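Below: the structure, in structure tokens.
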Amino acid sequence: MRLDGPPAPGPLLRHTLAMRARGWARPTWPPAFRPLHDAVLEDNLDLAERACAGTVGRPARWSRYVRLLRHLVR
């Protein structure tokens, strides 16, 4: 995907995460929050694909680790 120049025809979906981890975020982001964030992002990309194409070619699946983290959060 090019970020410079004229936009390509059709839908454009962009997600940007810019952060500077500080405090408790520094040790907890990589093992806990990054996998959860990625799983939610993949779910949302599936929803976007379904909205644009009417179907999802290969739906994302949560890993065992993500399912464990979600269980622990509940």
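None of the values given here were measured: they were computed from a predicted structure.
In this structure, Arg14 and Leu12 have side chains that are in contact, with non-hydrogen atoms separated by less than 4.5 Å. Val66 has its side chain within reach of Arg70: a pair of non-hydrogen atoms, C-beta onward, lies under 4.5 Å apart.
Under the side-chain contact (heavy atoms from CB on, under 4.5 Å) criterion, Leu47 pairs with Asn44, Arg50, not counting sequence neighbours. Residues passing the side-chain contact (heavy atoms from CB on, under 4.5 Å) test with Pro59, sequence neighbours excluded: Asp46, Val56. Residues meeting the side-chain contact (heavy atoms from CB on, under 4.5 Å) test with Ala48, sequence neighbours left out: Leu13. The ring-ring contact (aromatic ring centres under 6.0 Å, His included) search around His15 returns His37, not counting sequence neighbours.
Rounding to the nearest 0.5 Å gives a distance of 10.5 Å between CD of Glu42 and CZ of Arg58. We find the CG-CG distance between Leu41 and Leu36 to be 12.5 Å, quoted to the nearest 0.5 Å. Taken from CZ in Arg34 to CG in Leu17, the straight-line distance is 9.0 Å, to the nearest 0.5 Å.
Applying the ring pair (Phe, Tyr, Trp, His ring centres under 6.0 Å) rule to pairs touching residues 41-74 yields nothing, sequence neighbours excluded.
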Please list every donor-acceptor pair under 3.5 Å in which a side-chain atom of residues 26-33 meets a protein atom from a residue at least two apart or in another chain.
residue : atom : partner : partner atom : Å
Arg26   : NH2  : Ala21   : O            : 3.1
Thr28   : OG1  : Trp24   : O            : 2.6

